[in-house]
Amino acid sequence: MTSNAHKLHPFDKKLTLEFVLQEMAYAGLVDKPTAEQIYRQNSKSADYPLVVIAKFGVKDRRPPHLPLTLEILTEWLAKRVGYPYFEIDPLKIDIKAVASVVSTAYARRLQVIPVKVEKSKIVVAT
């Protein structure tokens, strides 16, 4: 792993396992040897980086030392990059309003989920 920890990620590119692990080590979620071990064992994985890390079953180094689940990692990453964390509740989404502004094909292609439609804006989860 190279040493680019705590530098902002070029958001026009996919998140890499290497970058996420560096950020986690910098933030104190994992120690550097654990990050390197996860990377060595999974560097060729096609899975999304947070999925890889969650599957590894590592615990947060910070008290209370909870397991780093996919949800916890997602919330941490959103905060790290300055995005709000939004838990999607399918029962609260106005499907008719959302479908009227974004086609299913478009949403699939861009891998986004419209979650709220307001008069002057659309809230999209990525």
Open item on the list: Set out, in order, the CA-CA distance, both residues' side-chain angles and the distance that settles side chain to side chain contact (heavy atoms under 4.5 Å, CB included) for Leu68 and Val30, then state yes or no.
Closed with: CA-CA 10 Å; Leu68 292 171; Val30 296; 4.1 Å; yes
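- Here Leu15 contributes atom CG and Glu23 contributes atom CD; the two are 9.5 Å apart, rounded to the nearest 0.5 Å.
- Atom CD in Glu36 sits 12.5 Å away from atom CD in Gln41 (nearest 0.5 Å).
- Nearest heavy-atom pair, Ala35 versus Leu21, reported as atom, atom and distance to 0.1 Å: O-CD1, 3.4 Å.
- Side-chain contact between Leu17 and Asp47: absent, with no pair of heavy atoms (C-beta onward) separated by less than 4.5 Å.
- Here the straight-line distance linking atom CD1 of Ile53 with atom OG of Ser45 works out to 10.5 Å at 0.5 Å rounding.
- Here the straight-line distance linking atom CE of Met24 with atom CG of Asp60 works out to 7.5 Å at 0.5 Å rounding.
- Glu118 CD: more than 12 foreign heavy atoms inside a 6.0 Å radius.
- Linking Ile, Leu, Val, Met, Phe, Trp and Tyr residues whenever their side-chain heavy atoms come within less than 4.5 Å places Ile88 and Val112 in a single cluster.
- Distance check: Gln37 CD to Phe56 CZ gives 4.0 Å after rounding to the nearest 0.5 Å.
- Closest non-hydrogen pair, Ala54 versus Leu73, comes out as N-CD1, 3.8 Å.
- For the side chain to side chain donor-acceptor pair (under 3.5 Å) test, no residue two or more places apart in sequence or in another chain qualifies with Lys59.
- Note: Glu87 CD to Thr74 OG1 = 10.5 Å, rounded to the nearest 0.5 Å.
- Both Leu70 and Val58 are part of a single hydrophobic cluster, where members link through side-chain heavy atoms under 4.5 Å apart.
- A chain of hydrophobic side-chain contacts below 4.5 Å, direct or via other Ile, Leu, Val, Met, Phe, Trp or Tyr residues, connects Ile113 to Leu110.
- For the pair Tyr48 and Val20, the minimum side-chain heavy-atom distance is 4.5 Å or more.
- Proximity of Tyr83 to Leu77: side-chain heavy atoms (C-beta onward) are nowhere separated by under 4.5 Å.
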Open item on the list: Let's go through Thr34 and Arg61 carefully: what are the C-alpha distance in whole Å and the side-chain angles of both, what is the deciding distance for side chain to side chain contact (heavy atoms under 4.5 Å, CB included) to 0.1 Å, and is it a yes or a no?
Closed with: CA-CA 11 Å; Thr34 300; Arg61 289 185 63 218; over 6 Å; no
